[in-house]
Amino acid sequence: MSSNPFPPGFTPRSDFLRLLGERGYIHQCSDFEGLDAAARAGVLTAYIGFDATAPSYHVGNLLVIMMLRRLQQAGGKPIVVMGGGTTKVGDPSGKDETRRLLTEGDIAANIASLSETFAKLLRFGDAPTDAVMVDNDAWLSSFGYVEFLRAFGPHFTINRMLTFDSVKLRLDREQPLTFLEFNYMLMQAVDFLELNRRFGCILQMGGSDQWGNIVNGVELIRRVDQKGAFALTAPLIATSSGAKMGKTAAGAVWLNAEMRTPYDYWQFWRNTEDADVGRFLRLYTDMPLDEIARLEALAGAEVNEAKKVLATEATALLHGREAAETAAAAARAAFEEGRLSGGLPTLTLSAAQLNGMSNTALMVAAGFANSNGDARRQIAGGAFRIDGVKISDANAPVALTGIEAELRKGNSRKRLVIIDEPESKAP
RNA sequence: GGGGGAAUGUCCCGAGCGGCAAAGGGGGCGGACUGUAAAUCCGCUGGCGUACGCCUUCGUAGGUUCGAGUCCUACUUCCCCCA
């Protein structure tokens, strides 16, 4: 169903390019013919570099992780490069402002946390097509300054570097670009060269904003080692309404279970716009294409079935089948059968905590509001319900009849609140 | 080196005669309508307080003033013109 991403007259013969093409991951490639041939010649080794600027990735980062997964599915070897070294510098691509510099301790902690996500989506090990993870700090930090300049500096002209979008954007927007950041693209190019030497890695993938950085690496490998390498980028994914994936003002859709529960992750996918269901099924699940075509053809309210499949499959990839089924069951109970279910994210309060608690405070405690003021405004707007009853008085104490109740904000955000009653156990 | 301009609500863009919690848009959240969708219309969109209230915000640091985003000085970054 997706439009042909390949140039006229080119039909991929490798499993790898065919898989990426038919599932919608391809935006730009430095040499389709060459890459296709290389992918057919043996185990294709490719890498993607990841920053370690936060303790979790969000849905916006998921796309390129999925590219590595597809590579593995097609018999290739994925390399995950954790940017322990490059994160010390900061990628200026797509950023208006210089990033705050992270400490080495922050970076190490982030890497530890981020690794867990990769372990869920890729198979690591020592076999030929097992994924490996490396930290570019291992080589980047060992260079002396003059040594680095003499080795790589001659291969980059300022004239050319100034033409790259990552630099141009900053300059056009009249924002400062420090010399530190200016060096980022050299470091990324050196990464590619290093991986080529160490692992025979001939392909770097990434988001479309990484094109310039990736091509620099290809060039460097050609100039220094006279070898061929390839660049392949994925399109920028937005919803049909034009919003960027995975980031809202309220907060990113995190991939770590501690930062966003499997239930809420499932809900994120369940609320996909109609027009995006097929595309997202191809990109973010392992469903066979013919099955996706069937789901995609559903019309009207029936697309809800497709959205549930999308939600469950996408959640299963990240959090496991069991967690996905639990989330699906909780949603079914809460939305379709109108009953409470332990599968909902749960807030447990003691009777003492509840005593005198205002509706405002309860909203904040449930994570429905960022501040008391926010909670009051939400309640004034009619956003808060307890067991389906709309709450109108923000300052009134919480009125609960039983020991558990359903909290709801808006149409679709639900929580379960359970009251522990230690007081009543000692009459 | 000289001259002229610019930085605004920690999501973005953007108005702002010395009284401003600061116009307007986008985005987000909520309400109505629906199918937990989209589109449309409406409301909200600094923190604390039940409240007439208090506190914190306009590149940074000082100053003038009863009072400064708005005036002055220095600094930082950017743009334009001259050299």
Side-chain angles (χ1 to χ4, degrees), chain A residues 58 60 92 94-100 167-181 238-253 263-281 295-296 298-312 315 327-338 341 343-344 356-361 363-364 366-385 388 390-397 406-415:
Chain A
H58 53 76
K95 308 267 183 330
D96 268 0
E97 291 173 9
T98 306
R99 278 180 180 282
R100 184 176 60 86
V167 173
K168 233 170 32 179
L169 175 84
R170 206 56 95 62
L171 298 182
D172 288 349
R173 303 192 117 202
E174 305 178 12
Q175 295 296 330
L177 176 73
T178 63
F179 184 68
L180 177 77
E181 297 170 283
T239 70
S240 292
S241 303
K244 268 186 217 158
M245 277 300 276
K247 201 165 173 266
T248 69
V253 181
Y263 171 84
D264 282 328
Y265 189 73
W266 192 94
Q267 284 293 322
F268 167 76
W269 292 106
R270 173 63 182 81
N271 285 304
T272 296
E273 294 172 29
D274 287 10
D276 294 324
V277 173
R279 192 161 54 112
F280 288 178
L281 278 165
L295 291 167
E296 198 173 20
L298 294 174
E302 296 209 319
V303 286
N304 284 328
E305 293 312 310
K307 291 183 191 180
K308 289 178 208 169
V309 173
L310 169 63
T312 301
T315 304
R332 199 179 312 121
F335 287 93
E336 294 172 29
E337 298 160 17
S341 154
L344 288 176
M357 181 182 251
S358 67
N359 286 317
T360 298
M363 270 201 94
V364 174
F368 284 169
N370 297 320
S371 67
N372 293 343
D374 185 24
R376 282 193 205 96
R377 284 190 290 268
Q378 295 286 356
I379 290 172
F384 189 39
R385 289 165 203 257
K390 194 175 282 190
I391 301 300
S392 55
D393 187 347
N395 299 317
E406 179 201 81
L407 306 182
R408 179 175 138 198
K409 180 202 174 196
N411 251 343
S412 54
R413 296 204 59 196
K414 299 193 179 190
R415 295 278 110 114

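Lettering of chains follows the sequences in order, A, B, ..., and the numbering in each one begins at 1. On a predicted model such as this, the values are computed, not experimentally measured, just so you know.
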(message) Base, sugar-phosphate or nothing for A/Thr272? Non-hydrogen atoms, less than 4.0 Å.
(response) sugar-phosphate

(request) For A/Asp274 and B/rA37, give me the distance from atom CG to atom P, rounded to whole Å. (result) 10 Å

(message) Please report the distance, rounded to the nearest Å, between CD in A/Glu336 and P in B/rG35.
(response) 13 Å

(request) Round to the nearest Å and state the distance from A/Arg270 atom CZ to B/rA38 atom C1'. (result) 13 Å

(request) Write down the distance between CG (A/Asn271) and P (B/rA37), rounded to a whole number of angstrom. (result) 6 Å

(message) Between A/Ala301 and A/Ala383, which residue's closest nucleotide on RNA chain B lies nearer the 5′ terminus?
(response) A/Ala383

(request) Identify whether any heavy atom of A/Ala331 sits under 4.0 Å from a base atom; if not, whether one sits that close to sugar-phosphate; answer base, sugar-phosphate or nothing. (result) base

(request) Please give the nucleotide sitting opposite B/rG1 as a Watson-Crick or G-U wobble pair, both distances under 3.5 Å, or none. (result) B/rC82

(request) Using modelled atom types only, decide if a donor and an acceptor are shared between the side chain of A/Thr272 and the backbone of A/Trp269 within a distance under 3.5 Å. (result) yes

(request) Identify whether any heavy atom of A/Lys414 sits under 4.0 Å from a base atom; if not, whether one sits that close to sugar-phosphate; answer base, sugar-phosphate or nothing. (result) nothing

(message) I need the CG-C1' distance between A/Asp393 and B/rU50, as an integer number of Å.
(response) 9 Å

(request) Sort out the partner of B/rC41 for me: Watson-Crick or G-U wobble, both distances under 3.5 Å, none otherwise. (result) B/rG31

(request) Counting Watson-Crick and G-U wobble pairs only, both distances under 3.5 Å, name the nucleotide matched with B/rA61, or none. (result) B/rU73

(request) For each nucleotide in nucleotides 41-47 of chain B, reading 5' to 3', give B when a protein heavy atom comes within less than 4.0 Å of its base, S when such contact involves only the sugar-phosphate, and - otherwise. (result) ---SS-S

(message) Under 4.0 Å, counting only non-hydrogen atoms across every strand here, what does A/Glu302 touch: a base, just sugar-phosphate, or nothing?
(response) nothing

(message) Can you tell me whether the side chain of A/Asn411 and the base of B/rG30 have a donor-acceptor pair closer than 3.5 Å?
(response) no

(request) To the nearest Å, give me how far apart CZ (A/Phe384) and P (B/rC29) are. (result) 18 Å

(message) Applying the Watson-Crick and G-U wobble criteria at under 3.5 Å, what pairs with B/rU36? Answer none if nothing qualifies.
(response) none

(request) Mind telling me if B/rC78 is syn or anti? Syn here is a glycosidic angle within 90° of 0. (result) anti

(message) Working note: A/Asp264 + A/Arg415, criterion salt bridge (charged side-chain N to carboxylate O under 4.0 Å, His left out); need CA distance, chi angles, decisive distance, verdict.
(response) CA-CA 10 Å; A/Asp264 282 328; A/Arg415 295 278 110 114; 2.7 Å; yes

(request) Starting at atom CZ of A/Arg385, determine the distance to atom P of B/rC29, rounded to an integer number of angstrom. (result) 17 Å

(request) Specify the separation, in whole Å, of atom CD of A/Gln378 and atom C1' of B/rG31. (result) 11 Å

